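Worksheet: the structure to be examined is printed underneath.
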Amino acid sequence: MSSRGGHSGAGRGRRSDQKQEQSSGAVSWPALQSSSAARGGSVSGGRGRGGRGNTPAVSSSPSDVVSGVIGAVDVASSSSVREKPKVAASDAGSSLGQELAEKVKITPETTVPPASSKAVRFPVRPGFGQAGKKVTIRANHFLVQVADRDLYHYDVSITPEVVSKKVNREVMTTLVRTYGESHMAKKIPAYDGRKSLYTAGALPFETKEFVVDLNDKKPPASSKRDRKFKVALKLASSRPDLFQLQEFLRRKQRDAPYETIQVLDVVLRDQPSQKYVAVGRSFFDPSLGRRGELADGVEYWSGYFQSLRLTQMGLSLNIDVSARSFYEPILVTEFIGKYLNLRDFNRPLRDSDRVKVKKALKSLKVELGHFNFARSSKISGISSCPINELRFTLEDNTQKTVVQYFAEKYNFRVKYPYLPAIQSGSDSKPAYFPMELCRIAEGQRYTKKLNERQVTAMLKATCQRPEARENSIKGMVKNNKYNEIDLVRKEFGMSVTDQLASVEARVLPPPLLKYHESGREKMVNPRLGQWNMIDKKMINGARVASWTCVSFSTRIDRNLPQDFCKQLIGMCVDKGMQVNPQPAIPFISCQPQRIEEALCDIHKRAPGLQMLIVILPDVTGSYGKIKRICETELGIVSQCCQPNNVRKLNKQYMENVALKINVKAGGRNTVLDDAIRKRIPLISDRPTIIFGADVTHPQAGEDSSPSIAAVVASMDWPEITKYRGLVSAQTHREEIIEDLYKLVQDPQRGPVHSGMIREHLIAFRRATGQKPQRIIFYRDGVSEGQFSQVLLHEMTAIRKACASLEEGYLPRVTFVVVQKRHHTRLFPAQHQNRDTTDRSGNIQPGTVVDTKICHPTEFDFYLNSHAGIQGTSRPAHYHVLVDENGFTADGLQMLTNNLCYTFARCTRSVSIVPPAYYAHLAAFRARYYMESEISDGGSSRSRNTTASTSAVVARLPSIKDNVKDVMFYC
């Protein structure tokens, strides 16, 4: 591998989650090798610029530590704090410093107990951005007006307790209908389906108990269950207050009145919750739009998302069209035929198919067709034998088959005797039904991961261009008729406009990108978020002296790998790489059943191999296995190619692959011209490290697999293009990254420091010869409800990691959350105006919004950094939780937008900032390390995972050092 990209990390062979351990003793940076500064792999170290040797290393003396700010969560030991710092540009640090009144000392423990997150304050907006061309756009936010009302909150207790929100609502609706006039002063309450009831004005009691009888609503003999409920209403101790909301919107109150917002949100959701299927904050129903088949017994329903938000323009109702997958309401036999692609039911199911069917059907509600009244039941399983072999014991101790029972009792002849029976009830008291009598009840959400075919069908059915989507949203708002609902308009005095918000936005200019001086085009100014590699050479072409190719495809021509690799290597050289024209060993063709054997043989015959080109098998499912073996067992950097793409010998495809090979070999494709010229505010003036972090969770239904955290960090200041990646397994569905910093007590060595932040900081110093004085931390995958918790834990970890390296080492931190899973959409004011749209009809790349629909006081913005391809673009939402560096609005918005043009895998700007994108890719790559089999349907079986009841988390196999030092995840 080219020495330009290398950074030495932890010792070879350690696990990924045991990084850069060091005994405590004297706290200091690990010793640097004398050559480390020369190994930074910067532009100056490559072709086209002079050396960087005259840049002085940062002294380790306390006087060189940035003294203006301590972090939002100060966790350095008390001896390392020289003076009480002041916070620049916001009071985030001081307020969080008060949150942790006592300095958190570094003691041997695996997790840091958080302070209360309720009082956490985020930075105030430092002003509004001014850079860029001003444009007017529309957003799917609808202004909500609220009249002055006295709001009251009542606690609800229903006995016996009911799990179903639907039944709870049925109980409450009946209660209001029965007792509304006589006992509730004709009030129309809003109910959340659980424990809370809200009214505009007080009820004529503080506590009262009612009896509600739902038995009148069911057919006779349809159920043996008694449906009488006792409902107790009690005035709650807390009372929502609209005055606080008004004060907050007038900027006279700092704390947002979230309880009041919740009341108004419940009011707007009350009627849709009774009419439609509610999934989270969305509603679905066949009456709300298109409905269609997705394949394998699954269909999609149209619907809409709805959320009440506090914004600069006031209360805003964010509404977006949506679609979700549901089980088709068909007979179970029909579902099995589609799900397993079976037509012949005249033979028993294979064991593997029976297990698949059981997993797919478990907990589904089915309607039974053999009774003379409506009856439904929940599936608890299916029988292990065909129904014609299934026997049960009657009360007189005689045995009968289920087939005989249905023939005698219901005069029903079972049509498919070789299929298993549907089981409901418990294992001790099971009830069995023939599959052809069971119809899947309508409106049950399909929660499993959609397979490739279903995803394609869903996208095809629901993808809408901006103009069509905007019209759909307008139509949904008009169809909902909020202002005609008595509860909304008359009772609570609310009104919702039917016009999308008109928003002032700005289009930021694209950055100048630098390519190598030897190319005909040395600089490029991207237009509408895209450019190409014609007449350009990579700014730092990597050297690859040792490479080869292995093909696991059995359907491609025998000589095709040679032709493909010859052209691919030619493309790499043409774009500026230095690649040995001869492979290290002759190309290998191998059966896909012998993947592991073939890879081990290559590793043995070509030690020190820098790049392995892999032509994948024709049948999908082997990619993860190849990556796991190469990256965690053999230390081989690989580039996988689909056989269909190999066959085409397409130059554009080879150019894209060359970009990936270059960064995997330690090179750079392009850099920001401002970075080379050291003109990026708050980045170029001091050594700065940019982190990206993400956590991915197992798919629905996987309750034993761990979550995977990934953290990447830039290693090449001031160019900020190369990102080193680390991954770690952690507790199932835990959002906070547990392995940012750890300190454990070792019986022999004493306190031992480790963690991903610490390892990256050490690697940065080894790569550049300098310590980071600034940290920019882009954190993906955090919802608003988790902001405080994540900030307290992860800022604490960052501080402890820094303090573990050197006493008094407190680099300034800016912590930014990146959100893509939101429902704000931005539309051009004039859809046909090509001066304000891109080729897909979306708003232009670089469009930024920090007014009107953004937070009233905090530092956030929406950035549409990419060009649309199909459908409606989704802007990324950036929310600053800590800013000790004192960024201006323009400074952070321009930096974020410019970084989006440095993504290594393509010549397009991307939709989220690359460090967050890379962390996402690394986390998904690590998921493959824990999976031994992946089917076409996306289902997986985990390796080395633990049961969900266990406190032990399976460890990831360690990534080899030579692999994690390059961008292997690209």
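The figures here come from the full heavy-atom set of this structure, side chains too, leaving out hydrogens, waters and symmetry mates. Since this is a predicted model, take the numbers as computed values, not measurements.
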- Task: Give the C-alpha distance, both sets of side-chain angles, the deciding distance and a yes or no for side-chain contact (heavy atoms from CB on, under 4.5 Å) between Leu899 and Ile720.
- Result: CA-CA 9 Å; Leu899 287 175; Ile720 51 174; 3.8 Å; yes
- On the 0 to 90° scale, with breaks at 30° and 60°, tag the Tyr917-Phe903 ring pair as parallel, tilted or perpendicular. parallel
- Task: Give a yes or no on whether Ile534 atom CD1 has more than 12 heavy-atom contacts from other residues, nucleotides or ligands under 6.0 Å away.
- Result: no
- Item | Ion pair Lys536/Glu521, N-O distance below 4.0 Å | yes
- Mark yes or no for whether Asn669, through its side chain, and Leu659, through its backbone, hold a donor-acceptor pair below 3.5 Å. yes
- Between atom CZ of Arg668 and atom NE2 of His516, what is the distance when rounded to the nearest 0.5 Å? 11.5 Å
- What orientation do His877 and His879 show, parallel under 30°, tilted 30 to 60°, or perpendicular over 60°? perpendicular
- Item | Lys678 with Glu719: basic N within carboxylate O range, under 4.0 Å | no
- side chain to side chain contact (heavy atoms under 4.5 Å, CB included) partner of Asp694, chosen from Ile737, Asp780, Val711: Asp780
- Message: For Arg527, I'd like to know if atom CZ has over 12 heavy atoms of other residues, nucleotides or ligands within 6.0 Å.
- Response: no
- Query: Do you see a donor-acceptor pair shorter than 3.5 Å between the side chains of Thr311 and His141?
  - Reply: no
- For Arg125 and Asp860, indicate whether the former's side chain and the latter's backbone hold a donor-acceptor pair under 3.5 Å. yes
- Query: Do NZ/NE/NH1/NH2 and the carboxylate oxygens of Arg774 and Glu884 come within less than 4.0 Å?
  - Reply: no
- Item | Expected output: side-chain Arg925 to main-chain Phe968 donor-acceptor under 3.5 Å | yes
- Flag, side chain of Asn842 to backbone of Pro828, donor-acceptor distance under 3.5 Å: no
- Query: Among side-chain atoms of His697 and Glu734, is any donor-acceptor pair under 3.5 angstrom?
  - Reply: no
- Item | Residues Asn885 and Thr814: side-chain donor-acceptor under 3.5 angstrom | yes
- Task: Mark yes or no for whether Asn318, through its side chain, and Asn140, through its backbone, hold a donor-acceptor pair below 3.5 Å.
- Result: yes
- Query: What do you reckon, is CD of Gln830 surrounded by more than 12 foreign heavy atoms closer than 6.0 Å?
  - Reply: no
- Parallel, tilted or perpendicular: which fits the ring planes of Phe861 and Tyr878, with parallel below 30° and perpendicular above 60°? parallel
- Indicate, with yes or no, if the rings of Tyr918 and Tyr969 have centres closer together than 6.0 Å. yes
- Taking the side chain from Asn662 and the backbone from Ala542, do they hold a donor-acceptor pair closer than 3.5 Å? yes
- Message: Would the distance check show the side chain of Gln773 and the main-chain N or O of Pro687 forming a donor-acceptor pair, the cut-off being under 3.5 Å?
- Response: no
- Task: Would you indicate whether Gln870, at its atom CD, is surrounded by more than 12 heavy atoms from other residues, nucleotides or ligands within a distance under 6.0 Å?
- Result: no
- Looking at Phe764 versus His760, is the centre-to-centre ring distance below 6.0 Å? no
- Item | Pair Tyr741-Thr796, side-chain donor/acceptor within less than 3.5 Å | no
- Any donor-acceptor N or O pair under 3.5 Å, side chains Thr847, Gln844: no
- Item | Test side chain to side chain donor-acceptor pair (under 3.5 Å) applied to Thr907 - qualifying residues, sequence neighbours left out | none
- Message: The test is side-chain contact (heavy atoms from CB on, under 4.5 Å); show your working for Leu895 and Ile680 and say whether it passes.
- Response: CA-CA 8 Å; Leu895 170 66; Ile680 303 178; 4.0 Å; yes
- Message: Under 3.5 Å, is there a donor on one side chain and an acceptor on the other for Gln893 and Arg506?
- Response: yes
- Message: Using the rule given for side-chain contact (heavy atoms from CB on, under 4.5 Å), can you reason through Met523 versus Lys514, listing the C-alpha separation, both sets of side-chain angles and the distance that settles it, and then say yes or no?
- Response: CA-CA 5 Å; Met523 206 84 70; Lys514 182 77 173 73; 3.7 Å; yes
- Message: Using the salt bridge (charged side-chain N to carboxylate O under 4.0 Å, His left out) definition, which of the options Arg469, Arg281, Arg821 pairs with Asp320?
- Response: Arg469
- Using a strict 4.0 Å threshold on nitrogen-to-oxygen distance, state whether Arg779 and Glu794 make a salt bridge. yes
- Keeping the roles fixed (side chain from Ser714, backbone from Ile690), state whether a donor-acceptor pair exists under 3.5 Å. yes
- Item | side-chain contact (heavy atoms from CB on, under 4.5 Å) assessment of Met795 paired with Val813 | CA-CA 9 Å; Met795 273 300 300; Val813 179; 3.6 Å; yes
- Check: Tyr862 ring centroid to His822 ring centroid under 6.0 Å: yes
- Message: Less than 3.5 Å apart, any donor N or O on the side chain of Ser911 or His866 sitting next to an acceptor on the other?
- Response: no
- Item | Salt bridge present between Asp255 and Arg121 (N-O < 4.0 angstrom) | yes
- Message: Tell me whether Glu504 is salt-bridged to Lys134, with the criterion being a basic N under 4.0 Å from an acidic carboxylate O.
- Response: no
- Message: Could you check whether Thr888 and Asp890, counting side-chain N and O atoms only, form a donor-acceptor pair closer than 3.5 Å?
- Response: no
- Query: Is it true that atom CZ of Arg834 has more than 12 heavy atoms of other residues, nucleotides or ligands lying nearer than 6.0 Å?
  - Reply: yes
